[in-house]
Amino acid sequence: MTSQFSPKSDFLRTLMDRGYIHQCSDFEGLDQKARSGMLTAYVGYDCTAPSLHIGNLISGMMLHWFQQTGHRPITLMGGGTTRVGDPSGKDETRKLLTVEQIEGNKNSIKGVFGKLLNYGPDGNGAIMVDNAEWLTKLNYIDMLRDIGRHFSINRMLTMDSVKLRLEREQELSFIEFNYMILQSYDFVELARNYNCSLQMGGSDQWGNIVNGVDLGRRMGTHQLYALTTPLLTTASGAKMGKTASGAVWLNADMFSPYDYWQFWRNTEDADVSRFLKLFTLMPLDEIARLSALAGSEINDAKKILATEATALLHGRAAAEEAAETARKTFEEGIAAETLPSFNLPIGTGLLAANVAVGFASSNSNARQLVESGAVRINDVVITDTRRILTAEDFRDGAIKLSMGKKKHVLIKA
RNA sequence: GGGGGAAUGUCCCGAGCGGCAAAGGGGGCGGACUGUAAAUCCGCUGGCUACGCCUUCGCAGGUUCGAGUCCUGCUUCCCCCA
């Protein structure tokens, strides 16, 4: 158990103190190695979507601290493995993405790492590689002889990712079955070419990672290590990262800094301390002070969490702006100029307006919401479904339209 | 190759004697209570030019006043035997 081990290396101590560690293949060994010089570690990222989401942010933060404590991080883009598809934790086969989609996603994902890591030529400058570089060049027969012979089908069948599918009598295609072999090989490849000795990832990656450690031993690399983070859940046990509009994406064009700030602002009380440690760079003693706040005072801690987490990802200026927009909107009740705005002509029906700004999915949906008293024009509840936006509704050239307590937009003519 | 099952509201799971816009969950959204929290309670959760109309139960036909429900063919998936 992690709690019985007290690490001496800066790296592991930092990770443990901040709550990043779930499992490690060999704590003592890794700790010792981290004290004896610069290590190289990597995390692999799927290219299944055009942006990473907050679930991926934890491993990215681990790489950040890894670098901060003097080591060299590698971000591995799964340009090759995404063509195969990871069956871990999935109920059914995902549709295969085209190579073009994968390349597009890869390029769109890359940007976020520049916020967390320093790339560059200096001693421990981060490195970015794409496993398509070597995986697409593998020759089938050679691969079977060099790599495949080290894998036991008997053991592969006991891996969770495989076992689950078999037990549930769900299809597991041959291509997916091969995924763990490729990911394992990645580790060996990075060990050989970059002297990489540690792979980190989410707890669902444990099986894939230890397979790589194993393959390394069989193929004669130096000792490799596995380190995983806990699954990100709220204190109530719900999986994190999903909201009404989908996942909490890290790319600003898919999830705005303001929404991102709001996401963290709405954290459950019981999660504040944990999230401050995981998703901000604040010193632990400062976090301890904030965590001690009780009752409604903990809202101050939530604002700091939101601002710091947003600043880390989107920059200080965007974070301050989001905080200010929120303050005006929620604490002063005035329409902040920086709220999301839409252009709609005077005379637009209230229902149509709600659909246009994304509050409702259809006129019917909008009608129901209006009737239930959820919709406000300039902070006045409107229940008339035939209401039309008029010139008199404009205050300083804009109408503040609200859905529920939290969603507000400005409408301009 | 032979035999037996399955496919339901496009978020998911899942009931469904021939009268069904289709039970029940989960999730989501909204309301109340609060602190932009949690828990709890209530409402909504196919669409529309809306006391009515239109479109939905794998696909295509058929029987019937009427089909998610019965019949035929097809597709996909699963299980057993070979």
Side-chain angles (χ1 to χ4, degrees), chain A residues 89-95 164-174 176 233-248 258-276 290-307 309-310 322-336 339-340 347-352 354-355 357-377 379-388 400-409:
Chain A
K90 295 184 185 64
D91 282 353
E92 49 192 44
T93 309
R94 180 169 51 204
K95 276 192 225 81
L164 233 74
R165 291 279 187 89
L166 296 180
E167 279 172 358
R168 294 188 191 170
E169 298 180 348
Q170 275 156 340
E171 170 85 352
L172 176 71
S173 68
F174 185 65
E176 292 176 286
T233 56
T234 67
S236 327
K239 267 187 236 161
M240 292 224 13
K242 298 282 162 117
T243 69
S245 41
V248 178
Y258 176 72
D259 286 334
Y260 193 74
W261 193 95
Q262 283 295 329
F263 172 78
W264 293 111
R265 174 64 183 83
N266 287 310
T267 296
E268 292 181 28
D269 289 6
D271 288 324
V272 171
S273 167
R274 193 159 56 100
F275 290 174
L276 280 167
L290 289 172
S291 306
L293 297 174
S296 61
E297 297 211 319
I298 201 165
N299 281 328
D300 293 334
K302 292 184 189 181
K303 288 175 203 166
I304 292 171
L305 167 63
T307 302
T310 305
E324 180 59 12
T325 301
R327 195 184 61 75
K328 281 187 182 156
T329 308
F330 288 94
E331 293 174 25
E332 292 180 21
I334 60 174
L339 281 174
T348 302
L350 181 58
L351 300 185
N354 275 287
V355 174
V357 303
F359 284 170
S361 56
S362 66
N363 273 9
S364 297
N365 183 211
R367 184 184 309 272
Q368 286 156 352
L369 288 163
V370 169
E371 283 171 353
S372 71
V375 176
R376 279 163 294 152
I377 292 176
D379 297 312
V380 179
V381 174
I382 307 291
T383 51
D384 176 10
T385 56
R386 297 177 182 237
R387 181 69 148 74
I388 284 170
K400 181 182 175 193
L401 182 67
S402 309
M403 166 64 68
K405 276 180 281 198
K406 297 182 187 174
K407 287 181 273 189
H408 309 276
V409 297

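These values consider heavy atoms only, across backbone and side chains, with no hydrogens, waters or symmetry-generated copies. In what follows, chains are A, B, ... by sequence order, proteins preceding strands, each numbered from 1.
- Atom CH2 in A/W264 sits about 17 Å away from atom P in B/A37, given to the nearest Å.
- Remark: B/A6 base-pairs with B/U76. Criterion, Watson-Crick or G-U wobble with two distances under 3.5 Å.
- Contact annotation for A/Q262: base contact, defined as any heavy-atom pair under 4.0 Å involving a base atom.
- A/V375 places none of its side-chain heavy atoms less than 4.5 Å from the side chain of A/R387.
- The partner of B/C53 is B/G47, by the rule that a Watson-Crick or G-U pair needs both atom distances under 3.5 Å.
- One can find a donor-acceptor pair under 3.5 Å joining the base of B/U34 and the side-chain atoms of A/K405.
- The backbone N or O of A/T307 sits nowhere less than 3.5 Å from a side-chain atom of A/T310 that would complete a donor-acceptor pair.
- In B/C57 the O4'-C1'-N dihedral to the base is more than 90° from 0, which defines an anti nucleotide.
- Between the side chains of A/N266 and A/K406, at least one donor N or O sits under 3.5 Å from an acceptor N or O.
- Here the separation of B/G25 from B/U45, taken at their P atoms, is 14 Å to the nearest Å.
- The shortest non-hydrogen separation linking A/A360 to A/L369 is CB-CD1, 4.3 Å.
- B/G14 and B/G52 have their P atoms separated by 35 Å, with the value rounded to a whole Å.
- Residue A/S296 places its side chain closer to B/G35 than to any other of B/A38, B/C48, B/G35.
- Atom CD in A/E371 sits roughly 14 Å away from atom C1' in B/G31 (whole-Å rounding).
- Where A/R386 and A/R327 each meet RNA chain B at their nearest nucleotide, the meeting point lying more 5' is that of A/R327.
- In this structure, A/K302 atom NZ and B/A37 atom C1' are separated by 3 Å, rounded to whole Å.
- With a 3.5 Å ceiling on both atom-pair distances, B/A21 lacks any Watson-Crick or G-U wobble partner.
- Taking atom P on both B/C65 and B/C11, the two are 37 Å apart, rounded to the nearest angstrom.
- Of the candidates B/G30, B/A50, B/G35, the closest approach to any side-chain atom of A/S364 belongs to B/A50.
- Between the side chain of A/T267 and the main chain of A/W264, a donor-acceptor pair closer than 3.5 Å is present.
- Look at B/G61: its Watson-Crick or wobble partner, with both distances under 3.5 angstrom, is B/C71.
- If you check every strand for non-hydrogen atoms under 4.0 Å, A/A360 touches nothing.
- Nucleotides B/G66 and B/C48, compared at atom C1', are 25 Å apart to the nearest Å.
- Remark: the separation of the C1' atoms in B/A22 and B/U55 is 14 Å, to the nearest Å.
- When the side-chain nitrogen and oxygen atoms of A/T329 are compared with OP1 and OP2 of B/U36, none of them lie within a distance under 4.0 Å.
- With rounding to the nearest 0.5 Å, the separation of NE2 in A/H408 from CZ in A/R376 is 6.0 Å.
- Distance noted for atom C1' between B/A60 and B/U75: 10 Å (whole Å).
- Between A/V357 and A/K407 the shortest side-chain heavy-atom distance does not fall below 4.5 Å.
- Shown are A/N354, A/L351, A/L350; of these, the side chain to side chain contact (heavy atoms under 4.5 Å, CB included) with A/R367 is made only by A/L351.
- Atom name C1', nucleotides B/G58 and B/U69: the rounded distance is 16 Å, in whole Å.
- Remark: C1' of B/A37 and CD of A/E297 are 15 Å apart, rounded to the nearest angstrom.
- Applying the 90° criterion around 0 to the glycosidic angle, B/C13 comes out anti.
- Of the candidate nucleotides B/G35, B/U36, B/G47, B/G35 has the atom nearest to the side chain of A/D269.
- Closest to the side chain of A/R265, from the set B/U36, B/A37, B/G47, is B/U36.
- Between A/A374 and A/W261, the residue whose closest nucleotide on RNA chain B is further toward the 5' end is A/A374.
- With both ends at atom C1', the span from B/C17 to B/A67 equals 14 Å, rounded to whole Å.
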Any N/O pairs under 3.5 Å between the protein and nucleotides 40-45 of chain B? List them or say none.
residue, atom, partner, partner atom, Å
B/C44, O2', A/Q368, OE1, 3.1

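- In this structure, A/F263 places its CZ atom 14 Å from P of B/A37, rounding to the nearest Å.
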task = Would you please test A/E331 and A/K303 for salt bridge (charged side-chain N to carboxylate O under 4.0 Å, His left out) and show each step?
result = CA-CA 12 Å; A/E331 293 174 25; A/K303 288 175 203 166; 3.0 Å; yes
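- Going from atom CG of A/N354 over to atom P of B/G30 covers 12 Å, rounded to whole Å.
- The separation between A/M403 atom CE and B/G28 atom C1' is 14 Å, rounded to whole Å.
- Checking B/C41 for Watson-Crick or G-U wobble geometry (two distances, each under 3.5 Å) identifies B/G31 as its partner.
- Atom CG in A/D259 sits about 18 Å away from atom P in B/U36, given to the nearest Å.
- By the side chain to side chain contact (heavy atoms under 4.5 Å, CB included) test, A/S362 is found to be paired with A/S364, A/N365, residues two or more places apart in sequence or in another chain being considered.
- For A/N363, whose side chain is taken as the heavy atoms from C-beta onward, the closest listed nucleotide among B/G30, B/G47, B/U49 is B/U49.
- For A/K407, a side-chain nitrogen or oxygen approaches OP1 or OP2 of B/G30 to under 4.0 Å.
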